[in-house]
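See below for the structure under consideration.
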Amino acid sequence: MVQSKKAWKRIIADAMAAYAREKGIEAAMPAAEHIVAERPPRPDLGDLGFPMFPYAKLFRTAPAQLAGALASKVQSPARAGRLGEASAEGPYLNVRLDRAAEVASLLAAASAESWGRVDSLAGKKVMIEFSSPNTNKPLHLGHLRNDVIGESLARTMAAAGASLRKINHPNDRGVHICKSMLAYMAYGEGRTPKDEGLKGDHFVGKYYVLFNTLKAERPSAEEEAQELLRKWEAGDADVLELWGRMKTWVLEGIRATYRRTGIDFDLYDFESETYQLGKDEVVKGLERGVFYREEDGSVWANLEDIGLDRKVFLRKDGTSLYITQDIGTAISRHGNWPYDRLIYVVGNEQQYHFKVLFETLKRLGFEWASDLHHLAYGMVNLPSGRMKTREGTVVDADDLIDELALLAAKEIEEKGREDAVGDVDAVAEKVALGALHYYLLQTSPVKDMLYDPEQSLSFTGDTGPYIQYMGARASSILRKHEAGEGRAHAGAADPALLSGDADWELVKRVAAFPEAIEGAALSMEPSVLANYLHDLAADFATWYRDNPVLTNADADLAATRLELVRATKRSFERAAYLLCVPFLESM
RNA sequence: GCGUUCGUAGCUCAGCUGGAUAGAGCGACGGACUUCGAAUCCGUAGGUCGCAGGUUCGACUCCUGUCGGACGCACCA
């Protein structure tokens, strides 16, 4: 279908050129790739629509008249290429594709191993940094959004041909880490997560919260935390030992959550290992006049000329800051693996930071600074407002998934699906993840979103489970066929049989899968794919209800529709994978 | 105060690089299971796309202003 669209643009461009010659018009004609194609609002108007408004004044002809003139010019090349036919529909040149030809090419493409891969980003190296948790507490709902955006985007860009490197840049140093250490020293009595029967991240997180208690009991606690940080930076053996121990606990816990949600990384790039980076670059930049030194010795950049502020890059004692480090990591990453793009999946509260970072790298003379991209995502709010640690309104990632899985298991039991499903808990877990991930990806990343626990626990409507259910229904039909049931065995597939309107609508939807991947990959918006998948599921639901496959009286039609089900299922599977929604054969 | 960003149906969200009557889901109401699994399907009701200008043959989409919300403007990360 993508090919046909391109071919039509070519044909129309040629027809315009010919028409221009006839009319003696010298003006430059639009290039084929610039001709806009759209979907007519109603199926009976055709499969593709080309508005003629933009070319009216070029030809000094009314759009409707132009559409008419081009329609006749276009017929013979279209027929020759089995591309269907064109007609003027008011000011639009509309195209009805050759259904049999399109069905044949779709069924062939969808059965190929390459189905679900496009080449829009072929040869590109994309590095993506996401998740990057603090190593003093477990993951919460906000991380889940970050994680699934990053993972889904990585998968999608890889499907679009890019080679990906996924990086986790945990924040494992700083005063907040020291606070959990201090509280552990005060209350931990040498206990381990095992002793308390807690997951490592929850265990350490507990002490981080206990720091507030400590502070109430001991007013010097804040200062002690600062002192601990100084010792850490000085390399104090005892401090480093405890730091390492607690960090390991947290990471074990967080990694368990990643395993559960299907998130993984090519590289862990700890801040404790990179925080010294960037200083040299700042010194070099100082010599070149990119930075200036204040009287107290601190080093600054003045970005006021582009409407930003002045920003510190080195403290007066010469130590580095967050932004200094980011300068260093960007440079060293580019040195190790020269990327065509580096995407930072980081909350939108850091937009200013990245603006300054990118601008500074540009001023330092790195031409690849324009390849850096901050994928800013919005906050996840609750109906009651913001999540706040102090108010205990943070939705813990593990607890949330547990709760969802429990509910899914109950649903399976209520429907009496235990036997059909096999391992109830395993399937319930996948339904839970499908519900969660789809919910988080449905909304475009830039927007703040509302997380309504009750609504997210509902499995009806525009949800992950709905999509999984449709995938399972498609699988079920194929399974029955494999088991020898149905009439498809007695027939032979013939693409021409799917020319009826009902089949055609589903064919078009399935065929649009590659375009959805391309759209999501280029715009870096997993929600594009999420919306596509929902449309696919909804179209399939309507279709299979009214159009018998295995039970069809016509064996050839049964066999052909079976192929369409197969193509649909493969699209479900691959699209769901890209969205981190587990595919289920049965649920 | 300055900057960034969001503002579409009662609620949660779509709406592709501006194009033909603005779409889903939830909720409400009414239908469909001796028929490939009803976590489903079909129908009805519900919107002056925050507001006001501007650009354009054409604006939910671009520009300006304005109102409202969120976030940011640390020698924290």
Side-chain angles (χ1 to χ4, degrees), chain A residues 34 36 38-42 45 49 51-54 56-57 62-63 89-92 94 132 134 171 173-176 271 275 294 296-300 307-309 311-317 319-323 325-326 347-353 355 376 378-379 381 383 386 408 411-412 414-415 417 420 431 439 442-444 446-452 455-456 458-463 465-466 468-470 472-474 476-481 485-486 515-516 519 522-523 525 527-528 530-531 534-535 538 541-542 544-552 558 561 565 586-587:
Chain A
H34 290 141
V36 295
E38 60 158 298
R39 243 177 81 153
R42 288 196 322 269
L45 287 170
M52 289 295 114
F53 305 101
K57 57 175 175 291
E89 305 281 348
Y92 293 84
N94 281 7
S132 304
N134 290 338
N171 175 217
R173 64 170 285 276
V175 72
H176 54 297
E271 282 197 17
Y275 79 105
E294 276 289 347
D296 64 1
S298 56
V299 175
W300 297 66
L308 301 178
D309 270 326
K311 180 86 189 168
V312 194
F313 278 77
L314 287 179
R315 292 193 183 91
K316 62 183 169 221
D317 62 6
T319 56
S320 67
L321 289 100
Y322 179 49
I323 190 147
Q325 176 197 177
D326 272 357
N348 62 12
E349 69 275 9
Q350 292 197 36
Q351 279 174 137
Y352 183 77
H353 166 78
K355 219 174 240 189
M379 286 218 279
N381 295 310
R386 261 190 97 148
E411 192 82 4
I412 291 168
E414 272 171 20
K415 294 186 189 309
R417 298 283 305 162
V431 171
Y439 193 93
Q442 217 182 354
T443 304
S444 158
V446 288
K447 295 190 181 178
D448 286 351
M449 63 178 288
L450 187 78
Y451 177 78
D452 183 338
Q455 202 188 316
S456 86
S458 149
F459 294 149
T460 60
D462 183 6
T463 65
Y466 171 76
Q468 290 173 315
Y469 178 69
M470 288 308 155
R473 293 301 301 269
S476 171
I477 292 173
L478 292 168
R479 204 160 45 235
K480 279 195 155 54
H481 172 76
E485 292 180 42
E515 285 179 278
L522 296 182
S523 63
E525 284 259 13
S527 62
V528 169
N531 289 320
H534 173 258
D535 289 343
T542 303
Y544 83 72
R545 193 137 289 272
D546 304 330
N547 300 280
V549 181
L550 301 179
T551 55
N552 209 290
R561 282 191 173 152
V565 173
S586 180
M587 65 187 278

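Labels below follow one simple rule: chain letters A, B, ... track the order of the sequence lines, proteins then strands, and each chain is numbered from 1.
Remark on RNA chain B: of its neighbouring residues A:Ile412 and A:Pro91, the 5'-side contact belongs to A:Pro91, judged by nearest-heavy-atom nucleotide. Nucleotides of RNA chain B nearest to A:Gln350 and A:Pro41 differ in position, and the one nearer the 5' end is that of A:Pro41.
Taking the side-chain contact (heavy atoms from CB on, under 4.5 Å) definition, one finds that A:Glu38 meets it with A:Pro51, A:Tyr92, sequence neighbours left out. In this structure, the side-chain contact (heavy atoms from CB on, under 4.5 Å) partners of A:Ala56, at least two apart in sequence or on a different chain, are A:Pro63. Under the rule for a side-chain contact (heavy atoms from CB on, under 4.5 Å), the partners of A:Tyr451 that lie at least two apart in sequence or sit in another chain are A:Leu141, A:Val380, A:Leu382, A:Leu400, A:Tyr439, A:Pro453, A:Ser456. Remark: A:Arg479 pairs with no residue by the side chain to side chain donor-acceptor pair (under 3.5 Å) rule, at least two apart or across chains. Judged as a side-chain contact (heavy atoms from CB on, under 4.5 Å), and not counting sequence neighbours, A:Lys57 has no contacts. For A:Ser523, the side chain to side chain donor-acceptor pair (under 3.5 Å) test picks out no residue, with sequence neighbours left out. Residues passing the side chain to side chain donor-acceptor pair (under 3.5 Å) test with A:Asp546: none are found, sequence neighbours excluded. For A:Gln442, the side chain to side chain donor-acceptor pair (under 3.5 Å) partners at least two apart in sequence or on another chain are A:Asp462.
Atom P of B:rC6 sits at a distance of 14 Å from the matching atom of B:rC13, rounded to the whole Å. Taking the C1' atoms as reference points, B:rG10 lies 36 Å from B:rU56, given to the whole Å. Look at the C1' atom in both B:rG54 and B:rC11: the space between them is 34 Å, to the nearest Å. When the C1' atom is used for both B:rG53 and B:rA20, the distance is 27 Å, rounded to whole Å. Between B:rA24 and B:rG46, the distance separating the two C1' atoms is 14 Å to the nearest Å. Taking atom P on both nucleotides, B:rG25 is separated from B:rC41 by 8 Å, rounded to a whole Å. B:rG68 and B:rU8 are spaced 15 Å apart, taking the C1' atom of each and rounding to whole Å. Rounded to whole Å, the C1' atom of B:rU48 lies 23 Å from the corresponding atom of B:rU44.
A distance cut-off of 5.5 Å between ring centres, combined with a plane angle under 30°, places A:Tyr92 in a stacking arrangement with the base of B:rA20.
Scanning atom types as modelled, no donor and acceptor separated by under 3.5 angstrom connect the side chain of A:Asp309 and the base of B:rA74.
Between the side chains of A:Ser320 and A:Gln325, no donor N or O sits under 3.5 Å from an acceptor N or O. Side chains of A:Asn171 and A:Glu271: a donor on one and an acceptor on the other come within 3.5 Å. Remark: the A:Tyr544 side chain and the A:Arg473 side chain contain an N/O donor-acceptor pair separated by less than 3.5 Å.
Computed from coordinates, the A:His534 NE2 to B:rG23 C1' distance equals 11 Å when rounded to whole Å. At whole-Å resolution of the value, CZ in A:Arg315 and C1' in B:rA74 are 10 Å apart. The distance from atom CG of A:Asn531 to atom P of B:rA14 is 7 Å, rounded to the nearest whole Å. If you take CH2 of A:Trp300 and P of B:rC73, they are 13 Å apart, rounded to a whole angstrom. Whole-Å rounding puts the A:Met52 CE to B:rG19 C1' distance at 12 Å. Regarding A:Asp535, its CG atom lies at a distance of 18 Å from the P atom of B:rC13, rounded to whole Å.
Nucleic acid contact for A:Arg386: sugar-phosphate only, since backbone atoms but no base atoms lie under 4.0 Å from a heavy atom of the residue. At a threshold of 4.0 angstrom between heavy atoms, the contacts of A:Glu38 include nucleobase atoms, whether or not backbone atoms are also involved. Among the protein residues, A:Ala420 comes within range of no part of the nucleic acid, since none of its heavy atoms lies under 4.0 Å from any strand. Residue-level contact check: A:Ser586 touches the bases, meaning some heavy atom is under 4.0 Å from a base atom. Within the 4.0 angstrom heavy-atom criterion, no nucleotide atom of any strand lies near A:Pro63. No engagement by A:Asp326 is indicated, since no non-hydrogen atom pair under 4.0 Å with the nucleic acid exists. Residue contacts shown for A:Lys480 are limited to sugar-phosphate atoms, with no base heavy atom under 4.0 Å away. Residue contacts for A:His176: at a heavy-atom cut-off of 4.0 Å it reaches no nucleic acid atom on any strand shown. Across all strands, A:Ser298 comes closer than 4.0 Å to base atoms (heavy-atom distances). Among the heavy atoms of the strands, none lies under 4.0 Å from A:Arg39. Residue A:Leu550 is in base contact, counting any heavy-atom pair closer than 4.0 Å across all strands shown. Using a 4.0 Å heavy-atom cutoff across all strands shown, A:Met379 reaches sugar-phosphate atoms only and no base atom.
Of the candidates B:rA77, B:rG37, B:rC13, B:rA77 carries the atom nearest the A:Arg173 side chain, counting heavy atoms from C-beta on. The side chain of A:Asp462 lies closest to B:rG25 when the candidates are B:rG25, B:rA77, B:rC36. Closest to the A:Met449 side chain, of the nucleotides B:rC13, B:rA39, B:rU12, is B:rC13. Looking at the side chain of A:Ser444, the nearest of the listed nucleotides B:rG72, B:rA39, B:rA14 is B:rA14.
Judged purely by atom type and a 3.5 angstrom limit, A:Asn94 uses its side chain to pair as donor or acceptor with the backbone of A:Leu45. Proximity of a side-chain donor or acceptor of A:Thr463 to a complementary backbone N or O of A:Tyr466 within less than 3.5 Å is detected. Using modelled atom types, no side-chain atom of A:Gln455 and backbone atom of A:Asp452 make a donor-acceptor pair closer than 3.5 Å.
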Dump the pairs, protein N or O against N or O of nucleotides 40-48 of chain B, anything under 3.5 Å, distances to one decimal.
{"residue": "B:rC41", "atom": "OP1", "partner": "A:Tyr466", "partner atom": "OH", "Å": "2.7"}
{"residue": "B:rC42", "atom": "OP1", "partner": "A:Thr542", "partner atom": "OG1", "Å": "3.1"}

Any protein N or O atoms within reach of nucleotides 1-10 of chain B? Criterion: under 3.5 Å, listing atom names and distances.
{"residue": "B:rU4", "atom": "O2'", "partner": "A:Gln351", "partner atom": "NE2", "Å": "3.2"}
{"residue": "B:rG7", "atom": "OP1", "partner": "A:Lys447", "partner atom": "NZ", "Å": "3.1"}

Report each atom pair, protein N/O against N/O of nucleotides 64-69 of chain B, whose distance is under 3.5 angstrom.
none

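Proximity of A:Ser476 to the phosphate of B:rC36: no side-chain N or O atom is located under 4.0 Å from OP1 or OP2. Between B:rA39 and A:Lys415, a contact under 4.0 Å exists linking OP1 or OP2 to a side-chain N or O.
Taken together, the paired segments of RNA chain B that extend over three or more consecutive Watson-Crick or G-U pairs, each closer than 3.5 Å at both contacts, are B:1-7 with B:67-73, B:10-13 with B:23-26, B:28-32 with B:40-44, B:50-54 with B:62-66.
Base orientation of B:rC33: syn, since the glycosidic angle falls within 90° of 0.
From A:Asn547, atom CG reaches atom CG of A:Asn552 across 8.5 Å, with rounding to the nearest 0.5 Å.
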